[in-house]
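Scroll down for the structure; my scribbles are underneath it.
A note on names: the letters A, B, ... follow the listed sequences, proteins ahead of strands, and every chain is numbered from 1.
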Amino acid sequence: MTIYNEIITLLETAVKTVAADFKEKPFVWSSDKFFLTLPSNEKFGDYASNIAFFGAAFYGKSPRDLAKLIVDKLPRDKDLLEKVEVAGNGFINFFVAKKRVYEELKEILTTQNKYGQTAAGKGKNIQIEFVSANPTGPLHVGHGRGAATGDTLARIFNALGYTVQKEYYVNNIGNQMNILGRSVQARFAGKDIPDDGYKGDYIREIAEQIAADGRQMADENAFREYAIDTILGWIKKDLADFGVVFDNWFFENTLYEGKDLKKEITDTLNREYPTKTYEEDGAVFVKTTDFGDDKDRVIFRADGRPTYFASDIAYMINKFTGRKSPLDQVINIWGADHHGYVPRMEAVASMLAYKEKLKIILYQLVSLKRGKETVQMSTRSGEFVTLRQVLDEVGKDACRFFFLMRSPDSALDFDLELAKKHSSDNPVYYVQYAHARICSVFKEAVKNSLMLDAGSSKTETLNLLQEPEEMQLIKKLANFSKILADCARTYDPHWLTIYLQEVATVFHNFYTRHRIVTDNRELSLARLELIKATSIVLKDGLDLLGISAPSKM
RNA sequence: GCCCCCGUAGCUCAGUUGGAUAGAGCGGCGGUUUCCUAAACCGAAGAUCACAGGUUCGACUCCUGUCGGGGGCGCCA
């Protein structure tokens, strides 16, 4: 168990004991209130709890007095905690015993690349659907942010024991696809592309490819299918080069195969109460206003053709009822420009009684900068910056890191110049450099015949680590697992990018102040163990972000 | 008109379910290399947390309103 969780367990015991002492006033301590913060000021200890503030008013005591009661009931564990203090108005500050800190270091060295992983999500199935861009053109930078977010969340949930499935929903039917087909056909025939058509250079590219292949194209449909296949190929290649591989590609047209979708949707929605859909002017509406939407939505037009919303409902029904292993949670990652769609999708989820299982993450838009100049992006006009262009220019590592550096809620300014810079103001290189530095020290160590036996570090050796910078570094590494849990709880991977920068800072600081390879053989070995553990956490963290951990820079 | 996101140091941003003295990086200033990568480290300077109310023992955080920036609102996809 992590230090963090061990302290929580102790706190929980203490709080329950205190509550039992107030039999006539049984205050319900909700377990989600048992949290510890990581104080910025070290005089507040390694972990701090504000638990005493919650029951204070209820018991008519000051938080400080309640905190004292809790601390009195706290099981003593000298091997875990060196000191517990009540401070300020009622904070409980925990100072971790050195012995426990060394144990944690040993734990990292023993578990190696499994360190930080937990079984929190064991037996739970999560599906993350992301990117899902229409195959009407190459992916642009905005899709890159969705791809990085979804893929990294998938990796993190996986590390926490969940079974994760990554899915891409392909809109391969409908009007836009027909327009795509006609656009390619027109280009192929050397005619003007229709006004509502796609005009990007890639349309010409597809047309030229058809010509070069000497392919026979029967009709507009043939052009459409060819274009979709080609573009999907590009998308897959771009994603692969971006480090993203989907488990499942779900095609919209399969929703319609051999089915009467109108019947299926209305029957499913109206299973319990036949009030969820209605007809008006020949069209079929879903009564999403019953669940907070602004207006009811059409799913089948008067002429019988389905809207996109019909497909989306059918797709949702498929996710929740049509899969081999039932999904415990379905996560959708959308660009913020789709936010207007959230209420209607949540309304349908509510009708199906799956609201609790659906999580929609919106990420704000990306604006690309080159120096001070902002690059405008628009798919329709054909003038946009593709993910491919950015990948080619700044590389996968910088690209992913930049996308993951900010909370999805914040609009992202992506500075191409900064991402390319090989200097300290580029945070990607800062973190990677810490890893490379460690690898470099190990080369030096080998020259001095200093070698570590993997996983066989001795406690008496680790005990030699007494410097504040050394303790600080181990303690920082010990929070890796908590950070991953935070990312999962908030569906936000940016905590990890911040954390890795902090690990790098603490390491660089240690490195500058203390030599690792010295004449003192035992101390050198102890420090090598420490930086070995550091490199493990850095490497694992970067892996979760889909970023390489170079051994040389 | 309605909806969503944002407004924190000169600049770019952290600040996770409300908690202690609001933190980094960059830029600027001053230092650090006989020694494992200076793509690094240290120090001082720099903030009316957009503004005004409210809730609370406690608000950058929650609520209401105003202002400013961005995005979105179709029987389009």
- [ ] Mind calculating the distance between NE2 (A/His494) and C1' (B/A14) to the nearest angstrom?
- [x] 6 Å
Task: Inter-nucleotide P distance (B/U16, B/A24), Å rounded - done: 16 Å
Task: Protein-nucleotide distance (A/Leu38, atom CG; B/U16, atom C1'), rounded to Å - done: 11 Å
Open item on the list: Give me the distance, rounded to whole Å, that separates B/C26 from B/G18 when you measure between the C1' atoms they each carry.
Closed with: 31 Å
- [ ] Between B/A14, B/U17, B/G71, spot the one nearest the side chain of A/Arg489, thanks.
- [x] B/U17
Task: Separation of A/Ile483 CD1 from A/Ile498 CD1 (nearest 0.5 Å) - done: 9.0 Å
TODO: Please determine if a side-chain N or O atom of A/Arg344 lies less than 4.0 Å away from the OP1 or OP2 oxygen of B/C73.
DONE: no
Open item on the list: For A/Glu42, is the CD atom crowded, meaning more than 12 foreign heavy atoms sit under 6.0 Å from it?
Closed with: no
Task: More than 12 heavy atoms from other groups under 6.0 Å of CG on A/Asp303 - done: yes
TODO: Taking atom C1' in both B/G27 and B/A9, compute the distance separating them and give it to the nearest angstrom.
DONE: 12 Å
- [ ] Test for a donor-acceptor pair under 3.5 Å between the base of B/A77 and the side chain of A/Asn178, counting only N and O atoms.
- [x] no
Open item on the list: So A/Phe300, base contact, sugar-phosphate only, or nothing? Heavy-atom distance under 4.0 Å.
Closed with: nothing
Task: Atom C1', compared across B/G46 and B/U12: separation rounded to whole Å - done: 15 Å
Open item on the list: Let's see if you get this right: which residues in residues 505-513 of chain A place a heavy atom under 4.0 Å from RNA chain B?
Closed with: A/His508, A/Asn509, A/Tyr511, A/Thr512, A/Arg513
- [ ] May I ask you to say what A/Ala434 touches in the nucleic acid, namely base, sugar-phosphate or nothing, with a heavy-atom cut-off under 4.0 Å?
- [x] nothing
Open item on the list: I need the CD-C1' distance between A/Glu502 and B/G25, as an integer number of Å.
Closed with: 12 Å
Open item on the list: side-chain hydrogen bond (donor to acceptor under 3.5 Å, both in side chains), that's the test. Do A/Tyr499 and A/Asp486 meet it? Break it down for me.
Closed with: CA-CA 11 Å; A/Tyr499 171 73; A/Asp486 285 348; over 6 Å; no
Open item on the list: I want to verify a distance call: between B/A40, B/A77, B/C4, whose nearest atom is closest to the A/Leu362 side chain?
Closed with: B/C4
Open item on the list: Using a 4.0 Å heavy-atom cut-off, does A/Ala48 contact any base of the nucleic acid, only the sugar-phosphate backbone, or nothing at all?
Closed with: base
Task: Nearest-neighbour nucleotide for the A/His339 side chain, B/G71, B/C13, B/C36 considered - done: B/G71
Task: A/Tyr315, A/Tyr308, A/Phe130 screened by ring-ring contact (aromatic ring centres under 6.0 Å, His included) with A/Tyr169, the one that passes - done: A/Tyr315
Task: Nearest-nucleotide 5' precedence on RNA chain B, A/Asp492 against A/Asp312 - done: A/Asp492
Open item on the list: With no hydrogens and no angle check, just 3.5 Å: does a side-chain donor-acceptor pair link A/Asn509 and A/Arg513?
Closed with: yes
TODO: Determine the Euclidean distance between corresponding P atoms of B/C42 and B/U48; express it in Å to zero decimal places.
DONE: 27 Å
Open item on the list: Taking the minimum atom-to-atom distance to the side chain of A/Asp486, which one of B/U16, B/C5, B/C36 wins?
Closed with: B/U16
Task: A/Thr149 vs A/Tyr491, side-chain hydrogen bond (donor to acceptor under 3.5 Å, both in side chains): CA-CA, chis, key distance, verdict - done: CA-CA 9 Å; A/Thr149 304; A/Tyr491 301 94; over 6 Å; no
- [ ] Would you check if A/Tyr308 stacks with the base of B/C76, given a 5.5 Å centroid limit and a 30° plane limit, both strict?
- [x] no
- [ ] Classify the nucleic acid contact of A/Ile516 as base, sugar-phosphate or nothing, counting any heavy atom under 4.0 Å across all strands shown.
- [x] base
Task: Side chain of A/Tyr429 - closest among B/U17, B/A39, B/A14 - done: B/A39
Task: Gap in Å between the two C1' atoms, one belonging to B/U55 and one to B/C67, rounded - done: 23 Å
TODO: Rounded to the nearest angstrom, tell me the gap between atom NZ in A/Lys262 and atom C1' in B/C75.
DONE: 12 Å
- [ ] Please determine, by modelled atom types, if A/Glu469 and A/His514 share a side-chain donor-acceptor pair under 3.5 angstrom.
- [x] yes
Open item on the list: Can you tell me if A/Ser410 touches the phosphate of B/A14, counting only side-chain N or O atoms and a distance under 4.0 Å to OP1 or OP2?
Closed with: yes
Open item on the list: Working to the nearest 0.5 angstrom, can you tell me the gap between A/Lys475 NZ and A/Leu38 CG?
Closed with: 12.0 Å
Open item on the list: Among B/U12, B/U16, B/C36, which nucleotide has an atom closest to any side-chain atom of A/Arg406?
Closed with: B/U12
Pairwise N/O distances under 3.5 Å, protein to nucleotides 56-63 of chain B:
none

Task: Residue-phosphate contact under 4.0 Å: A/Lys295 side-chain N/O, B/C75 OP1/OP2 - done: yes
TODO: Report, as yes or no, whether the 6.0 Å neighbourhood of atom NZ on A/Lys539 holds more than 12 heavy atoms from other residues, nucleotides or ligands.
DONE: no
Open item on the list: Please report the distance, rounded to the nearest Å, between CH2 in A/Trp495 and P in B/A24.
Closed with: 16 Å
Open item on the list: Using a heavy-atom cut-off of 4.0 Å across all strands, would you classify A/Asp337 as base, sugar-phosphate, or nothing?
Closed with: sugar-phosphate
Open item on the list: Quick check for you: among B/A77, B/C36, B/A20, whose closest atom lies nearest to any side-chain atom of A/Val517?
Closed with: B/C36
Task: Integer angstrom distance from the C1' of B/G68 to that of B/C51 - done: 11 Å
- [ ] Could you tell me the separation between the NZ atom of A/Lys552 and the P atom of B/A39, rounded to a whole number of Å?
- [x] 16 Å
- [ ] Please report the C-alpha distance between A/Phe157 and A/Tyr162 in whole Å, then the side-chain angles of each, then the deciding distance to 0.1 Å, and finally whether the ring pair (Phe, Tyr, Trp, His ring centres under 6.0 Å) criterion is met.
- [x] CA-CA 5 Å; A/Phe157 276 113; A/Tyr162 294 83; 5.1 Å; yes
Task: Pair pattern of RNA chain B in dot-bracket, where unpaired bases get dots and | marks partners in another strand, Watson-Crick or G-U under 3.5 angstrom - done: (((((((..((((.....[...))))..((((.......))))......(((((..]....))))))))))))....
Open item on the list: Consider side chain to side chain donor-acceptor pair (under 3.5 Å). Of A/Thr490, A/Thr497, A/Asp492, which one does A/His494 pass it with?
Closed with: A/Asp492
Task: RNA chain B: 5'-proximal contact among A/Phe285 and A/Gln501 (nearest heavy atom) - done: A/Gln501
- [ ] Using whole Å, report how far CD of A/Glu469 lies from C1' of B/A40.
- [x] 15 Å
Task: Span that lies between the P atom of B/A38 and that of B/U34, in whole angstrom - done: 12 Å
Open item on the list: For B/U33, does the O4'-C1'-N9-C4 or O4'-C1'-N1-C2 angle fall within 90° of 0, making it syn, or is it anti?
Closed with: syn
TODO: Would you mind classifying the nucleic acid contact of A/His514 as base, sugar-phosphate or nothing, using non-hydrogen atoms under 4.0 angstrom?
DONE: base
TODO: Write down the distance between CG (A/Leu496) and P (B/A14), rounded to a whole number of angstrom.
DONE: 16 Å
TODO: Could you please spell out the steps behind the side-chain hydrogen bond (donor to acceptor under 3.5 Å, both in side chains) verdict for A/Gln176 and A/Tyr198?
DONE: CA-CA 9 Å; A/Gln176 290 306 313; A/Tyr198 292 94; 2.6 Å; yes
TODO: Looking only at side-chain atoms of A/Asp281, point me to the closest of B/C75, B/U12, B/A77.
DONE: B/C75
